[in-house]
Amino acid sequence: LKDKDLIFVKLGGAAITFKDKPSSANFEVLNQAAKEIAEVFNECNLLIGHGGGSFPHPVAAKYRVQEGLEVCGTEGFAETQRAAREINQLVVKSLQEQNLPAIPIQTSACTLMSNGQIKEMFTKPLEELIKKEMLPVIYGDVAVDTEKGCSIASTEMILRHLSEKLHPKRVIIATDVEGVYTADPKKDPNAELIREISQENLEEVLGMVSGASTTDVTGGMVHKVQSLFNLAKLGAEVEIISLLKPGLLKRSILGENGLGTTIRFK
Ligand SMILES: Nc1ncnc2c1ncn2[C@@H]1O[C@H](COP(=O)(O)OP(=O)(O)O)[C@@H](O)[C@H]1O
Ligand SMILES: [Mg+2]
């Protein structure tokens, strides 16, 4: 890799789509994110991951894709994949409109799952794209599972797997809230932002964090905290920030800490 830090950025499905409205993208948020990414693209090596929000989540829930291929059928697999790819195309288009060399990486084409966990990903092309100064854009998707027939690879799981291979310096998770709170901030007005999660308060935080709205088939905030703590163990700085506040993503990519919740392993 070029002599620049490698940074992974997740554009959360909750931020780039309207989660309660099937297949509707929030273009204002998406285009603002693309603009900020373009402004810092030359400063670092970047990989973008994004969630599916209201595109694949309702489809995956309807077919019960998480229960495996026997339950959801080939039709459920195909429909979920199509919905995930639809939002991916919109993300790639938005990035390319900022003259970024965004290249989609189809998760279902390079990922093998086993019992709901990523077993293998063919990542050589993706690594080469980064070396050649392009911008791979990977996304949460349904994939073949050797035990269940199929299961869902969340963006958090993908970024964790990629971190084992690529060792990013920072992993920035941008979503529709400012970080991890003591309770769901959309339901509890007294919820307080947790500035830092580490070994010391992990169990306590997991106890406080309720699941995200039922449309998130991959488990919402609990899944985020768990998988991101595992990711932090690999040595990356992990930051959860809001994508709804213009400017935060750019500042975070440039290295600023304390903009939301920091997760560190120590
Ligand atoms: N303790 C909590 N702190 C922050 N957000 C929470 C918490 N509990 C539930 N949530 C919900 O989690 C959502 C973010 O998770 P999710 O919907 O999976 O986002 P994304 O699509 O970006 O992965 C927020 O919209 C928020 O309402
Ligand atoms: Mg999610």
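Both counts, for ligands and for their atoms, begin at 1 and track the order of listing. Counting begins at 1 with the first residue of the sequence.
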With a 4.0 Å cut-off on heavy atoms, is [X] touching ligand 1?
| X | value |
| --- | --- |
| K187 | no |
| P185 | yes |
| G53 | no |
| S154 | no |

Heavy-atom nearest option to atom 6 (C) of ligand 1, drawn from H223, E178, M221, K224: M221

Options T17, D176, V225, ranked by nearest heavy atom to atom 24 (C) of ligand 1, top entry: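 Ranked by closest heavy atom to atom 24 (C) of ligand 1, first place is D176.
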
Is there at least one pair of N or O atoms, one from [X] and one from ligand 1, spaced under 3.5 Å apart?
| X | value |
| --- | --- |
| V177 | no |
| K19 | yes |
| A174 | no |

Side-chain (N31) to main-chain (E28) donor-acceptor, under 3.5 angstrom: no

Any donor-acceptor N/O pair, T261 side chain to V180 backbone, under 3.5 Å: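 Such a contact is found between T261 side chain and V180 backbone.
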
Contact atoms of ligand 1, heavy-atom distance to [X] under 4.0 Å:
| X | answer |
| --- | --- |
| A14 | 17 (O), 19 (O), 20 (P), 21 (O), 22 (O) |
| K186 | 25 (O), 27 (O) |
| T175 | 14 (C), 19 (O), 20 (P), 22 (O) |
| K10 | 20 (P), 23 (O) |
| G13 | 20 (P), 21 (O), 22 (O) |

Q106 and S108 side chains, donor-acceptor separation under 3.5 Å: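 Checked: S108/Q106 side chains pair up, N/O donor to acceptor below 3.5 Å.
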
Where N257 and R170 come nearest, the two heavy atoms and their spacing: OD1-NH1, 2.8 Å

E256 bridged to R251 by N-O distance under 4.0 Å: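 Here E256 pairs with R251 in a salt bridge, since their nearest N and O are under 4.0 Å apart.
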
Sidechain N-carboxylate O distance under 4.0 Å for E164, R160: yes

Separation of I197 CD1 from E203 CD (nearest 0.5 Å): 11.5 Å

Set of ring-ring contact (aromatic ring centres under 6.0 Å, His included) partners for F77, sequence neighbours left out: none

Option passing side-chain contact (heavy atoms from CB on, under 4.5 Å) with V9 (candidates L249, L159, L135):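 Only one option passes, and that is L249.
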
